[in-house]
Amino acid sequence: MRQDDGVTDRDAAPFDLASMRKQYRTEGLSETDLAATPVEQFARWFKQAATDGGLFEPNAVIVSTADAEGRPSSRTVLLKHFDDDGFVFYTNYDSRKGRDLAANPHVSLLFPWHPMARQVIVTGTARRTGRDETAAYFRTRPHGSQLGAWASGQSSVIAGRAELDASYADLAARYPEHERVPVPPHWGGFRVVPEAVEFWQGRENRLHDRLRYVARPDGGWRVERLSP
């Protein structure tokens with residue numbers, strides 16, 4: 001291996017990736033196990049993930065978007081609310097995901113609950129939350145996180161870490177602890193309204209259970225089983 005590649009033999013991963021796999025030996029998921037709606041089913045699984053799943057951040061979710069030309073991108077955010085109206089996360093509206101969703105509201109959410117051999121995949125459309133809802137959530141954030149929402153021009157190119165730290169220090173001086181920080185106009189929530197929600201349960205021999213709720217025109221849901 002050439003030294004100028006930036007990777008040496010010592011850096012090479014000492015793993016046989018082709019043979020890396022786990023055998024899932026969890027209980028299955030049947031149609032009779034499911035709740036009446038995907039949000040009810042998600043609430044069941046989320047409670048288990050948050051209490052017994054051994055997950056560092058059970059509300060971590062991978063958000064996948066595509067721009068107007070169809071170029072995809074993904075990132076991890078934190079889910080902050082869910083109910084019958086959808087799944088809510090917050091971000092900088094000028095970030096890449098914010099710009100993507102402004103041009104193309106179709107979105108996918110993936111909850112990767114690997115220790116439980118489970119995934120939940122939500123597909124739907126995203127719309128901005130109201131400013132009152134955004135402000136109510138913003139007030140629950142730690143003071144430093146409120147300042148961070150102002151300090152970071154998310155997804156923009158910066159000269160270096162010092163620029164970000166200087167911006168934060170300036171804001172910390174302007175808004176000391178216990179001082180009310182205004183909600184940034186470029187920051188707020190997205191609510192993902194689901195059109196389909198898949199519940200994936202790992203099973204032995206890669207014969208996984210995949211049950212998907214699909215929205216019906218009358219407002220109800222139909223359930224279909226997908227081949228693994």
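Everything numeric here is computed off the predicted structure, so don't read it as measured data. Reckoned from all heavy atoms, side chains included, excluding hydrogens, waters and symmetry mates. Numbering starts at 1 and runs along the sequence shown.
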Connected via hydrophobic side-chain network under 4.5 Å: V197 and V39
yes
One should read off an interatomic distance between L207 CG and R210 CZ, to the nearest 0.5 angstrom, of 12.5 Å
Answer whether the closest heavy-atom distance between the side chains of Q201 and L211 falls below 4.5 Å.
no
Is there a side chain to side chain donor-acceptor pair (under 3.5 Å) between D84 and T37? Walk through the geometry before answering.
CA-CA 9 Å; D84 289 335; T37 70; 4.7 Å; no
Distance check, rounded to the nearest 0.5 Å: E133 atom CD versus H81 atom NE2?
6.5 Å
Other cluster members, I62 - Ile/Leu/Val/Met/Phe/Trp/Tyr, side-chain contacts below 4.5 Å
L110, I121
With side chains defined as the heavy atoms from C-beta onward, is the minimum distance between Y175 and Q146 less than 4.5 Å?
no
Heavy-atom closest contact (N92 atom, W187 atom, distance):
N-CD1, 3.9 Å
Name the orientation class of the two ring planes belonging to W45 and F199 (parallel below 30°, tilted from 30 to 60°, perpendicular beyond 60°).
perpendicular
Any link between Y137 and W150 through a network of hydrophobic side chains (Ile, Leu, Val, Met, Phe, Trp, Tyr) touching at under 4.5 Å?
yes
Y93 with V181, same ILVMFWY side-chain cluster at under 4.5 Å:
no
Between S73 and R75, does a side chain to side chain donor-acceptor pair (under 3.5 Å) hold up when you go through it step by step?
CA-CA 7 Å; S73 61; R75 74 290 292 161; 2.7 Å; yes
Given side chains that start at C-beta, do those of Y90 and T129 come closer than 4.5 Å, heavy atoms only?
yes
Pairwise distance CG(D52) to CE(M116) - rounded to 0.5 angstrom:
7.0 Å
Do V88 and F190 land in one hydrophobic cluster if side-chain heavy atoms of ILVMFWY residues count as linked below 4.5 Å?
no
Test item: R180 and R139 side chains (from C-beta on) under 4.5 Å apart, heavy atoms:
yes
Side chain to side chain donor-acceptor pair (under 3.5 Å) for D33 and S30? Distances and angles first, verdict last.
CA-CA 5 Å; D33 294 329; S30 70; 3.1 Å; yes
Looking at every heavy atom in both Y168 and G144, which two are closest together, and how far apart are they?
OH-CA, 3.3 Å
For D94 versus H186, what's the shortest heavy-atom pair and its separation?
OD2-CB, 3.5 Å
Could you name each residue pair satisfying salt bridge (Lys or Arg N to Asp or Glu O under 4.0 Å) that touches residues 215-226, not counting sequence neighbours?
E31-R225, D209-R225, R212-E224, R216-D218, R222-E224
Test item: R131 and F138 side chains (from C-beta on) under 4.5 Å apart, heavy atoms
no
Tell me whether N59 contacts the main-chain N or O of L79 through its side chain, where contact means a donor paired with an acceptor under 3.5 Å.
yes
Over all heavy atoms of both residues, which pair between P58 and A50 is shortest? Give the atoms and the distance, please.
CG-CA, 3.8 Å
Determine, stepwise, if the pair V120 / L109 fulfils side chain to side chain contact (heavy atoms under 4.5 Å, CB included).
CA-CA 8 Å; V120 180; L109 307 179; over 6 Å; no
Ring pair (Phe, Tyr, Trp, His ring centres under 6.0 Å) partners for F42, two or more places apart:
F46, F82, F87, F111, W113
Gap separating the CD atom of Q119 from the CD atom of E198, nearest 0.5 angstrom
7.5 Å
In short, G54 meets P115 closest at the heavy-atom pair O-CG, 4.2 Å
Drop me the distance from L147's CG to S152's OG, to the nearest 0.5 angstrom.
12.5 Å
Quick one, V61 and V77 - any side-chain contact, counting heavy atoms below 4.5 Å?
yes
For the student: nearest non-hydrogen atoms of L101 and H106, plus distance
CD2-O, 4.3 Å
Under the side chain to side chain contact (heavy atoms under 4.5 Å, CB included) criterion, do D67 and N104 qualify, and how do the steps go?
CA-CA 6 Å; D67 64 17; N104 176 5; over 6 Å; no
E69 atom CD, neighbour heavy-atom count above 12 within 6.0 Å
yes
Heavy-atom neighbours of D83 CG exceed 12 at 6.0 Å:
yes
Check this for me: R206, atom CZ, are more than 12 non-hydrogen atoms of other residues, nucleotides or ligands nearer than 6.0 Å?
yes
Are R99 and T65 close enough, and set up right, to give a side chain to side chain donor-acceptor pair (under 3.5 Å), and what steps lead you there?
CA-CA 10 Å; R99 297 193 305 270; T65 59; over 6 Å; no
Quick one: does V107's side chain get under 4.5 Å of K97's, heavy atoms only?
no
Treat each ILVMFWY residue as a node, draw an edge where side-chain heavy atoms are under 4.5 Å apart, and state whether V122 and V223 are in one component.
yes
